[in-house]
Amino acid sequence: MAPTIKWISIKVIPTHYTPLITAALKAQGADLNAPRQIAQAVRKLSDHYINNPDSATPWHTDWAKIAYVAYFFPLNYLRVSAVLRAGMRSGFWQGLTEFSDFGSGLGTVPLAIADSLPGQFLRGLAVESSPVTEKIYKQLAQADLAHPNLSWATKLAPAAKSAGHLTVFSFSLTELPELPKAALASEALAIIEPATHQDGRRLMQLRADLMAQGWYAWAPCTHQEACPLLVESARDWCHDRITWEPPEWYLAIEEHLPMRNRTLTHSYLLMRRQPPPIASFTVARLTGDLQRQKGASKQMVCRGPKREFLSWQHKHGQVPEWPRGALVRLSSDIAVKSNELRPTPDQCDLVGC
C-alpha cells in the first residue's frame, strides 16, 4: 500500500491573533515588543503551576494574565485545535449543536471551535469562576470569528435532555477530584489534559469507567475494548505529540526562558453515548515514538486490548517516520510474533493524522 495521506506536522497560530494578543497585553500593561517582561511573568506562572498542580490559575494577578495571553494561550490553542481535527476524522462533532466549556479560562476552546468548526454549534457556554476572563476573551476574539452565541457562567449546570450537547474540559479536569455529575447529562464529552503520567492514566481509567456506564470511545481510541496501556502496563500512558512553527514574537519570549516548546504534548478523550461508525478496514493508532534498534525499529501501536508493537524489519528498506498519534491501516495478513506486528512495506500505510 502506498501512503494515502501525507503527514503534515507543522501547525501555526493564525496570524490574526498577533494584533489581538498585542492589544490584550497592552490592556494589562505589557508590550509584546518587551519579551523579557513577558518571560518574567511566564516563569512566575509556570512556578505557580509546578508548586500548586491542583490549583486554579490566579486570574486576579496581572502577571498571570500576561503569561497566559502571550505564552500559554498559543500552546493550548494548538492543542485544542489538534483535538478538534482528530474529532473531524472520526465524525465526532456530527449532530452536536451546543457546548459547555468547563474551566474556560480565556475562552481558548470557543475560539478554536470558531476557527476550526465555524457554524457547527448554535450555542456555547463558557464556565469560568473568575469574572476577568470574559473581558480578555473579548479582546482576543475578532467580531467575525468569535462565537456569536457564547454566554458565560460561573457554574456548570446539567445539560437539557438533548442529543446535541457537548461538555468540554480543557486542562480543567486535572483540578477536580472527579468528573462533575452535571457533565454526564451530555451526549458527548471532550477532555483535554496535560500529557503527564498521572493525567494520562487518569483519562485511561475514566475511559474504562464511562464505557462501563454505556459510553463509547471515539478518539483517540480506534476500538471499544480494554485499554492495553492501562491493563498490561503500570507505567505507560496515552498521549499525542504535535510540532508547530512559533511566530517570531514567541521565539523572542523563549530567549528569556529555560524551556523550549518545539513539540507539544497532550492527552485527550472523545466520548459519546452512541457508537462510532465501523471502519471498513483495520485502523490502529501509534501510541509510542519510533525506537530504532539493531535489525528492526519498533513503535507501540494500539488496535485492541493487547499491548503491541509495529516492528519494521530493516531488511525491507527504509523505516517510515510516522509520529505518535498517527492512524495506520493494517493488512489482515501481517506476520505476528509474540507482541510484534511485522509488516512488509505494502501491508501498512498512513491513513490519518
Side-chain angles (χ1 to χ4, degrees), residues 49 52-57 76 79-80 82-84 86-87 90 92-93 95-105 107-110 112-113 121 123-130 133 152-221 223-227 229-231 236-240 265-276:
Y49 287 145
N52 306 278
D54 298 325
S55 66
T57 301
N76 289 342
R79 292 179 174 112
V80 172
V83 173
L84 294 178
S90 63
F92 178 80
W93 314 111
L96 300 178
T97 57
E98 57 185 45
F99 70 88
S100 298
D101 176 29
F102 183 86
S104 191
T108 306
V109 167
I113 285 176
F121 294 96
R123 290 177 298 277
L125 178 68
V127 181
E128 178 56 56
S129 59
S130 174
T133 55
W152 290 71
T154 57
K155 292 184 179 180
L156 179 67
K161 293 297 181 181
S162 167
H165 192 89
L166 165 74
T167 301
V168 183
F169 295 85
S170 177
F171 302 96
S172 56
L173 188 59
T174 188
E175 301 171 3
L176 304 175
E178 60 183 3
L179 188 72
K181 290 182 173 59
L184 297 177
S186 300
E187 153 64 22
L189 296 170
I191 306 172
I192 310 168
E193 289 296 293
T196 64
H197 178 271
Q198 179 179 355
D199 289 304
R201 290 192 67 85
R202 185 187 181 195
L203 274 191
M204 289 151 55
Q205 183 61 57
L206 180 60
R207 172 189 181 272
D209 295 343
L210 288 171
M211 291 178 67
Q213 299 173 39
W215 291 74
Y216 295 89
W218 282 60
C221 314
H223 61 87
Q224 304 302 316
E225 299 182 83
C227 172
L229 300 187
L230 184 65
V231 175
D236 288 323
W237 69 99
C238 186
H239 61 285
D240 271 13
T265 57
H266 59 280
S267 297
Y268 76 98
L269 190 60
L270 300 182
M271 305 286 292
R272 288 190 68 158
R273 293 187 177 277
Q274 56 182 287

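None of the values given here were measured: they were computed from a predicted structure.
Without hydrogens or angle criteria, Thr167 side chain to Leu189 main chain gives no donor-acceptor distance under 3.5 Å. The backbone N or O of Ala183 sits less than 3.5 Å from a side-chain atom of Ser186, completing a donor-acceptor pair. In terms of modelled atom types and a separation under 3.5 Å, the side chain of Arg207 and the main chain of Cys221 share no donor-acceptor contact.
Under the 3.5 Å distance criterion, with hydrogens and angles disregarded, no donor-acceptor pair is assigned to the side chains of Asp209 and Gln213.
In this structure, His239 NE2 and His266 NE2 are separated by 10.0 Å, a value rounded to the nearest 0.5 Å.
Nearest heavy atoms, Gly105 versus Thr133: O-CB, 2.9 Å. Nearest approach of Arg202 to Leu176, heavy atoms of both residues: NH2-O, 2.8 Å.
The side-chain heavy atoms of Pro110 and Asp101, taken from C-beta on, include a pair separated by under 4.5 Å. Between Leu173 and Leu206, the closest side-chain pair of non-hydrogen atoms falls below 4.5 Å.
Asp199 is linked by a salt bridge (Lys or Arg N to Asp or Glu O under 4.0 Å) to nothing, counting only residues two or more places apart in sequence or in another chain. Taking the side chain to side chain contact (heavy atoms under 4.5 Å, CB included) definition, one finds that Ala112 meets it with Tyr77, Val80, Ser81, Leu84, sequence neighbours left out. Arg201 pairs by the side chain to side chain contact (heavy atoms under 4.5 Å, CB included) definition with His197, Met204, Leu230, Trp237, not counting sequence neighbours. Taking the ring pair (Phe, Tyr, Trp, His ring centres under 6.0 Å) definition, one finds that Trp152 meets it with Tyr137, sequence neighbours left out. Residues satisfying the ring pair (Phe, Tyr, Trp, His ring centres under 6.0 Å) test with Phe92, not counting sequence neighbours, are Trp218. With sequence neighbours excluded, the residues forming a ring pair (Phe, Tyr, Trp, His ring centres under 6.0 Å) with Tyr49 are Phe72, listed by chain and number.
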Practice prompt. Would you sort out whether Leu166 and Phe121 count as a side chain to side chain contact (heavy atoms under 4.5 Å, CB included), showing the intermediate values?
Written response: CA-CA 10 Å; Leu166 165 74; Phe121 294 96; 3.7 Å; yes

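Tested against Glu187, the residues His165, Gln274, Arg273 include a single side-chain hydrogen bond (donor to acceptor under 3.5 Å, both in side chains) partner, Gln274.
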